[in-house]
Amino acid sequence: MRKIAVALTKGGVGKTTTAVNLAAGLALAGQNVLLIDVDTQGQAGRSLGVTASGGLAELVAGEGAPEQLATPARDNLAVLAGGKSLAGLKRVIARKDFGGERTLAEALVALDGRYDYVIVDTAPGWDVLTVNVLFYVDEVLAPVSLEVMTLQGLMEFSQSMTDIQRYRDGLALRYVVPTFMDRRVRKSEEILAQLHTYFPGQTCEPIRYNVRLSEAPGYRQHIFEYAPRSAGAEDYGRLVERIMQDDAQGNA
Ligand SMILES: Nc1ncnc2c1ncn2[C@@H]1O[C@H](COP(=O)(O)OP(=O)(O)O)[C@@H](O)[C@H]1O
Ligand SMILES: [Mg+2]
């Protein structure tokens, strides 16, 4: 079972879009996938039309069995919803005298081995929930918007990850996914070149700017349903292939 967090401190870089479409693409490729929403906005579940009465917060609170709280969203794809109740979860974690950073990992142990992939969508910023996610996953995928200067943000994020890696041997920044690629914008190409310089092994093929990607959630669909022939579907399809390839080669 591979556990991948989609994370970067900066907001609006395509984290939720990437988490949802990566999870959906893997499910379409026949993998059994759980998408966990660790954002109080609850956007990941909502964009797939999932209306869940409980989710991650309830799981941690022991208010339901994992298999009941993980809501079926599509074939091979279940969602463990986030949303407002996560604010309460943050307080529960903050009140703990010790071991708070492992709260999520301990609660999610019950799901070990049930899925081929667990994809975690995270909130912007760096808080107790972010730290908890990094104590749970083994791999991090960081989307980096090529529209604005987010390279600095990626450097800082990667530095913050180093602090956690001292306690988590297996944790790695595996993928850097350039988003909002626009070939007409020269800065896009420049930032992309910088990413390849600083993160040569991790940098994936870019996700182009594609308005279909921003429309799909409004229809409660992922990109492979909403616009299967769009550039967005093509780009996320390629990302799915890359990630599964690593799997097959045993590199994960
Ligand atoms: N490649 C893209 N092309 C066009 N719009 C995009 C693309 N990726 C994301 N968006 C849109 O940009 C906004 C921010 O993306 P989102 O995934 O919510 O970012 P984050 O989760 O990092 O805050 C959303 O409205 C989303 O639909
Ligand atoms: Mg988001």
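Numbering of ligands and ligand atoms starts at 1, following listing order. In this text the structure is predicted, and so the values were computed from the model without any measurement.
Residue-to-ligand polar distances keep Thr18 apart from ligand 1: every N/O pair is separated by 3.5 Å or more. Ligand 1 has an N or O atom lying under 3.5 Å from an N or O atom of Asn210, backbone or side chain. The shortest N/O to N/O separation between Pro217 and ligand 1 does not fall below 3.5 Å. Here's the thing with Val211: none of its N/O atoms is less than 3.5 angstrom from an N/O atom of ligand 1.
In terms of protein heavy-atom proximity, atom 13 (C) of ligand 1 is nearest to Phe180 CZ, 4.5 Å. Looking only at protein heavy atoms, the nearest one to atom 25 (O) of ligand 1 is Ser214 CB, 4.5 Å. Among all non-hydrogen protein atoms, the one lying nearest atom 14 (C) of ligand 1 is Gly12 CA, 4.0 Å. Counting protein heavy atoms only, atom 19 (O) of ligand 1 is closest to Gly14 N, 3.0 Å. What sits closest to atom 17 (O) of ligand 1 on the protein, heavy atoms only, is Thr17 OG1, 2.6 Å. Scanning the protein for heavy atoms near atom 18 (O) of ligand 1, the closest one is Thr16 CB, 4.0 Å.
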Worked check of side chain to side chain donor-acceptor pair (under 3.5 Å) between Lys15 and Thr122: CA-CA 7 Å; Lys15 283 188 293 297; Thr122 64; 5.7 Å; no

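Within a 4.0 Å radius of atom 27 (O) of ligand 1, the protein has at least one heavy atom. The nearest protein heavy atom to atom 6 (C) of ligand 1 is closer than 4.0 Å.
The cluster map of Ile, Leu, Val, Met, Phe, Trp and Tyr, joined by side-chain heavy atoms under 4.5 Å apart, puts Ile207 and Phe180 in different clusters. Both Tyr167 and Leu171 are assigned to one and the same hydrophobic cluster, defined by single-linkage of ILVMFWY side chains at heavy-atom distances under 4.5 Å.
Of the charged side-chain nitrogens involved, none lies within less than 4.0 Å of a carboxylate oxygen, so that Arg2 and Asp138 do not count as a salt-bridged pair. Between Arg212 and Glu215, at least one side-chain nitrogen of the basic residue sits less than 4.0 Å from a carboxylate oxygen of the acidic one, meeting the salt-bridge criterion. In summary, Arg174 and Asp246 engage in a salt bridge, as defined by a charged side-chain N under 4.0 Å from a carboxylate O. Under a 4.0 Å N-O distance rule, the pair Glu189/Arg183 qualifies as a salt bridge.
Between Tyr219 and Tyr226, the ring planes lie parallel to each other; the angle is under 30°, not in the 30° to 60° tilted range.
If you number the atoms of ligand 1 from 1 as listed, the ones under 4.0 Å from a heavy atom of Leu213 come out as 1 (N), 2 (C), 27 (O). Close approach to Arg208 involves these atoms of ligand 1, each under 4.0 Å from a residue heavy atom: 1 (N), 2 (C), 3 (N). Atoms of ligand 1 lying under 4.0 Å from at least one heavy atom of Val13, given by number and element, are 19 (O), 20 (P), 22 (O).
The closest approach between any non-hydrogen atom of Pro124 and ligand 1 is not below 4.0 Å.
Between Lys10, Gln43, Met181, Lys15, it is Lys15 that holds the heavy atom closest to atom 20 (P) of ligand 1.
For the side chain to side chain donor-acceptor pair (under 3.5 Å) criterion with Tyr236, the lone passing option out of Asn210, Asn21, Thr18 is Thr18.
Among the atoms of Gln43, none of the N, O or S atoms falls under 2.8 Å from the Mg ion (ligand 2).
Seen from the ring of Tyr136, Lys3 counts as a face-on cation partner, given the 6.0 Å and 45° thresholds.
Within 6.0 Å of CG on Asp75 lie no more than 12 heavy atoms contributed by other residues, nucleotides or ligands.
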